[in-house]
Amino acid sequence: MAVYTEVPDGELAAFIAAYDIGDVVSCKGIAEGVENSNYILHTTGGSYILTLYEKRVHKEDLPFFLGLMEHLAEKGLNCPTPIKARDGVALRELCGRPAALISFLEGMWPRRPTEKHCQQVGVALADLHLKGADFPMQRPNNLSVEGWRLLVASTKDRADEVKPGLGQVITAELDHLAGNWPTGLARGVIHADLFPDNVFFIGERLSGLIDFYFACTDFLAYDLAICLNAWCFEAASGGRAGEFNVTKARLMIEGYRRLRPLSDDELAALPLLARGSALRFLLTRLYDWLNHPPGAFVQPKDPLEYLKKLTFHQQARSVAAYGL
Ligand SMILES: Nc1ncnc2c1ncn2[C@@H]1O[C@H](COP(=O)(O)OP(=O)(O)OP(=O)(O)O)[C@@H](O)[C@H]1O
Ligand SMILES: N[C@@H](CCO)C(=O)O
């Protein structure tokens with residue numbers, strides 16, 4: 001469960017007193033998520049998410065993340081917006097950690113993504129890219145080629161503990177991607193982690209996007225590649241376990257293109273971008289798998305799920321593999 005920092009009642013009350021949101025009614029830790037400590041806070045004024053930022057989030061990046069949420073929400077994207085205290089400041093400190101209150105979004109994330117979900121995620125992703133286009137801040141993607149290089153260096157010697165030969169696979173893949181990574185594609189603000197657990201639906205209608213803590217400035221089409229990986233492979237259990245669902249991919253890409261056309265260069269680069277995105281999640285999961293303390297309460301995610309996805313994209317010769 002993702003509550004790394006326990007907040008004593010007295011400290012919470014002092015924190016909340018800086019805001020105009022009424023008095024605390026309840027504050028409960030949220031079990032989901034792996035990066036930060038999240039609480040659902042009910043006050044006499046409403047419901048909020050209280051986040052204490054933990055190890056992977058750097059304090060200097062928080063103005064970008066919070067500023068982006070505020071910008072997107074102002075433009076009408078359904079995403080949380082940071083709540084400012086009476087002094088106008090949203091980024092504060094609680095229990096020695098950077099902390100912020102953000103607005104609560106209604107909805108549930110889909111446990112079994114369907115074709116309809118995938119199509120709507122494509123539309124919502126393009127909407128995010130268009131609404132983010134005039135966001136004035138920049139943040140380099142520290143989990144692109146140079147970040148992968150660092151992760152390969154720190155995992156390759158022990159990678160074969162997870163699967164024999166894995167060290168060689170990630171080294172060769174990094175070489176391939178570093179030598180072929182595109183340069184001229186359209187860039188802008190990307191979400192960079194738009195997995196099913198970060199997209200809420202009410203019934204079958206997409207109701208909002210959360211968790212902007214990997215957002216950065218990078219190729220827009222790379223964000224689509226991340227979503228293809230996260231949404232369009234069948235779940236690890238069930239009849240078609242791990243298979244790529246080309247219909248979901250086609251619907252997602254078509255949904256995206258409804259709002260933002262993809263250039264020929266972006267389409268041609270999609271297999272490579274999908275490889276890069278598969279390596280990115282393979283490496284961060286591998287790093288966490290090898291480095292999580294025994295007995296830790298957060299179960300690391302399976303790196304090999306992303307090895308299978310990488311293998312699929314390595315065999316994709318063109319965008320036709322994605323249903324186009
Ligand atoms: N604004 C919000 N409104 C409603 N629920 C939220 C909101 N933000 C977060 N949550 C809830 O908290 C959970 C964890 O949030 P979040 O995904 O941001 O955590 P995280 O620690 O960054 O994890 P990860 O990066 O692994 O997804 C979500 O699955 C959701 O249930
Ligand atoms: N979405 C990431 C973890 C959270 O950032 C993954 O599935 O590996």
Side-chain angles (χ1 to χ4, degrees), residues 1-5 27-42 46-58 61-62 65-66 68-70 72-73 77-83 90 97-111 113 121 141-143 147-148 151 155 190-202 206-216 223 225-231 233 235-236 277-289 291-292 296-310:
M1 91 164 224
V3 176
Y4 301 94
T5 307
C27 185
K28 271 205 203 129
I30 299 178
E32 282 182 327
V34 295
E35 301 290 345
N36 300 310
S37 298
N38 287 300
Y39 291 85
I40 168 125
L41 172 76
H42 296 290
S47 300
Y48 306 88
I49 297 288
L50 167 63
T51 303
L52 284 77
Y53 299 98
E54 305 287 348
K55 50 172 185 152
R56 261 225 188 106
V57 178
H58 296 128
D61 287 331
L62 285 166
F65 301 141
L66 296 176
L68 177 62
M69 285 191 253
E70 188 176 13
L72 293 172
L77 190 89
N78 223 345
C79 69
T81 193
I83 309 294
R97 306 225 56 91
L101 267 190
I102 60 171
S103 57
F104 181 84
L105 228 60
E106 298 290 348
M108 295 265 290
W109 66 266
R111 270 57 183 174
V121 168
N141 186 358
N142 55 14
L143 287 172
W148 307 338
L151 284 165
T155 52
I190 67 166
H191 183 286
D193 192 29
L194 202 60
F195 278 57
D197 59 355
N198 289 329
V199 182
F200 286 1
F201 289 80
I202 296 176
L206 192 151
S207 60
L209 312 179
I210 64 163
D211 198 358
F212 286 77
Y213 302 115
F214 285 101
C216 56
D223 222 6
I226 290 174
C227 289
L228 289 170
N229 271 316
W231 289 82
F233 288 87
S277 132
L279 183 69
R280 178 265 188 245
F281 290 99
L282 168 55
L283 290 176
T284 46
R285 287 179 173 202
L286 179 61
Y287 181 89
D288 289 350
W289 193 274
N291 293 294
H292 87 288
F297 54 79
V298 173
Q299 174 63 26
K301 297 189 178 181
D302 180 13
L304 296 181
E305 181 191 332
Y306 269 82
L307 177 63
K308 291 195 197 100
K309 294 179 179 182
L310 175 61

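Both ligands and their constituent atoms are indexed starting at 1 by order of listing.
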For the pair [X] (side chain) and [Y] (backbone), establish whether a donor and an acceptor sit closer than 3.5 Å, ignoring hydrogens and angles.
| X | Y | value |
| --- | --- | --- |
| T81 | S103 | no |
| N142 | G147 | no |
| H42 | K28 | no |
| W289 | K301 | no |
| N38 | T51 | no |

Does any donor atom in the side chain of S207 or E106 lie under 3.5 Å from an acceptor atom in the other side chain? no
Interatomic distance, N78 atom CG to I210 atom CD1 [nearest 0.5 angstrom]: 12.0 Å
Roughly how far apart are Y53 OH and Y213 OH, rounded to 0.5 Å? 3.0 Å
Flag the pair W231 / P110 as yes when at least one side-chain heavy-atom distance between them is below 4.5 Å, and no otherwise. yes
With a 4.5 Å cut-off on side-chain heavy atoms, are L283 and Y306 touching? no
Contact atoms of ligand 1, heavy-atom distance to [X] under 4.0 Å:
| X | answer |
| --- | --- |
| S103 | 1 (N), 2 (C) |
| P80 | 1 (N) |
| N198 | 17 (O), 27 (O) |
| L105 | 1 (N), 2 (C), 3 (N), 4 (C) |

Is there at least one pair of N or O atoms, one from N38 and one from ligand 1, spaced under 3.5 Å apart? yes
Using a 3.5 Å cut-off on N or O atoms only, is N36 in polar contact with ligand 1? yes
What protein heavy atom lies closest to [atom]? Include the residue and the distance to one decimal.
| atom | answer |
| --- | --- |
| atom 17 (O) of ligand 1 | D211 OD2, 3.1 Å |
| atom 28 (C) of ligand 1 | I210 CD1, 3.8 Å |
| atom 3 (C) of ligand 2 | K301 NZ, 3.8 Å |
| atom 29 (O) of ligand 1 | E32 OE1, 3.1 Å |
| atom 11 (C) of ligand 1 | I30 CD1, 3.9 Å |
| atom 8 (O) of ligand 2 | R285 NE, 2.8 Å |

Nearest heavy atom to atom 5 (N) of ligand 1, choosing from T81, T51, I49, belongs to I49
F200 near ligand 1 by a heavy-atom separation under 4.0 Å: yes
Under 4.0 Å from a heavy atom of D193: which atoms of ligand 2 are those, numbered in the order shown and with their elements? 1 (N), 2 (C), 4 (C), 5 (O)
T284 touching ligand 2 at heavy-atom level, < 4.0 angstrom: no
Close approach of Y306 to ligand 2, heavy atoms, under 4.0 angstrom: no
So for I102 against ligand 1, with non-hydrogen atoms under 4.0 Å, the contacting part is side chain
Y287, OH atom: more than 12 neighbouring heavy atoms under 6.0 Å: no
